[in-house]
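Structure record follows, encoded as structure tokens.
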Amino acid sequence: MPELPEVETTIRCLTPKLQGLEVTSFKLRFPGIVGNKEEKILKKLRGKKITGLRRRGKWILIDFDSDLSLLCHLKMTGQFLFCSSKDPIDKHTHFILCFKDRKEELRFRDVRKFGSISCHLTSEVLSFPQLGPEPLEVSFYRFRRLFQGRRGRLKSLLLNQNFIAGIGNIYADEILFEAKLHPLTPVFLLGEDELRILWKAMRFVLRKALKYRGTSIRDFKDAEGKEGDFQSHLRVYGKESIPCSRCRKRIERLRLGGRSSFFCSRCQKEKRC
DNA sequence: ATTCGGACCTGAAAGC
DNA sequence: TGCTTTCAGGTCCGAA
């Protein structure tokens, strides 16, 4: 479910609540989300204080004192909840952190169980996922350089976390519509002007999605259970056969690597070699 | 070397 | 109504 805006929204919601809290215990109800090795390391969290939360791509980092960090990925349906320990625990809640002098606890729930939590040394945690630059931090010059010598389709590249980190299926489609570029465009055909338009579109769409606190189409909720508002601003994603907001031609859908891509065939003309 | 399908899971919605 | 199929904000792996 979550891409950069949803992950960032989750972190912004959690940070003021978790900052400074000391771990007293944890419950692992479904060990599958952490490796067996990690289960051992997790015990080291007892007595540690949360110093802060960070995002890198779609990863969530929870930093503790004494050089420990949790590295978490929500995948499709993962969700963090900060709630009263008296609230009922449903069957999809897999991991719980409890804190000193607090009635609230941090829960990780994940219907599809794709998500993951692992524990690392803070000094090493970022070397684990091999990720491209942050879309909202990368300069145009570096962005342009990323494309040098690359092959393949434009949308596939935007989804490649190695290439750039944090964009997923919804925002890739929205960015391409904003930039008026076809998802199947071979990247070597892109010129300087188009790359600049793409870079601007990427920043525009992601910042707007952040402003509206993410997209809640199906599952996404922040750590207070609150939904995002960007779904009412989507222009192509999930809009098959609905008239394009720019030109009124019906939005089309195609399959790219097993995933749906929504686009306007009039606004986003396919480039030929 | 990219690209594809399948795998990992569950549940909602659509199709028949 | 009820059973079956399809689909889903992600990523990894192995095979064409």
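Note that the coordinates shown come from a computational prediction; the quantities given were computed from them, not determined experimentally. Chain letters run A, B, ... following the sequence lines, proteins first, then strands; residues in each count from 1.
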Between [N] atom [atom2] and [X] atom [atom1], what is the distance in whole Å?
{"X": "Q130(A)", "N": "dC12(C)", "atom1": "CD", "atom2": "C1'", "answer": "15 Å"}
{"X": "R259(A)", "N": "dG6(B)", "atom1": "CZ", "atom2": "P", "answer": "16 Å"}
{"X": "K113(A)", "N": "dA7(B)", "atom1": "NZ", "atom2": "P", "answer": "18 Å"}
{"X": "L184(A)", "N": "dT2(B)", "atom1": "CG", "atom2": "P", "answer": "17 Å"}
{"X": "K75(A)", "N": "dC8(B)", "atom1": "NZ", "atom2": "P", "answer": "14 Å"}
{"X": "F30(A)", "N": "dC8(B)", "atom1": "CZ", "atom2": "C1'", "answer": "10 Å"}
{"X": "H94(A)", "N": "dT10(B)", "atom1": "NE2", "atom2": "C1'", "answer": "10 Å"}
{"X": "E240(A)", "N": "dA14(B)", "atom1": "CD", "atom2": "P", "answer": "13 Å"}

So [X], base contact, sugar-phosphate only, or nothing? Heavy-atom distance under 4.0 Å.
{"X": "L74(A)", "answer": "nothing"}
{"X": "D110(A)", "answer": "nothing"}
{"X": "R150(A)", "answer": "nothing"}

| field | Short side-chain N/O contact from H92(A) to OP1 or OP2 of dG11(B), under 4.0 Å | value | yes
Among [options], which is the nearest nucleotide to the side chain of [X]?
{"X": "V111(A)", "options": "dC7(C), dT10(B), dT3(B)", "answer": "dT10(B)"}
{"X": "R253(A)", "options": "dG11(B), dT11(C), dC7(C)", "answer": "dC7(C)"}
{"X": "R151(A)", "options": "dT2(B), dT11(C), dA8(C)", "answer": "dT2(B)"}
{"X": "S156(A)", "options": "dT11(C), dT3(B), dA8(C)", "answer": "dT3(B)"}
{"X": "K91(A)", "options": "dT2(B), dA8(C), dG11(B)", "answer": "dG11(B)"}
{"X": "S260(A)", "options": "dC4(B), dG10(C), dA8(C)", "answer": "dA8(C)"}

| request: Answer yes or no: is there a side-chain heavy-atom contact under 4.5 Å between K49(A) and L21(A)? | output: no
| query | Between Q268(A) and F177(A), is any pair of side-chain heavy atoms under 4.5 Å apart? | reply | yes
| If we require ring centres under 5.5 Å and near-parallel planes under 30°, does F114(A) stack on dC9(B)? | no
| said: Ring centroids only, cut at 6.0 angstrom: are F163(A) and F147(A) within range, meaning strictly under it? | reply: yes
| field | Integer angstrom distance from the P of dG6(B) to that of dT5(C) | value | 15 Å
| How far does the P atom of dT4(C) sit from the matching atom of dC9(B), given to the nearest Å? | 22 Å
| message | Would S261(A) and R253(A) count as a side-chain contact (heavy atoms from CB on, under 4.5 Å) here? Give the steps. | response | CA-CA 5 Å; S261(A) 288; R253(A) 155 146 80 157; over 6 Å; no
| field | Gap separating the OG atom of S156(A) from the CZ atom of R150(A), nearest 0.5 angstrom | value | 11.0 Å
| task | Assign the ring pair Y237(A) / F262(A) to parallel, tilted or perpendicular, where the plane angle (0 to 90°) is split at 30° and 60°. | result | perpendicular
| field | Under-3.5 Å donor-acceptor pair between R218(A) side chain and dA12(B) base | value | no
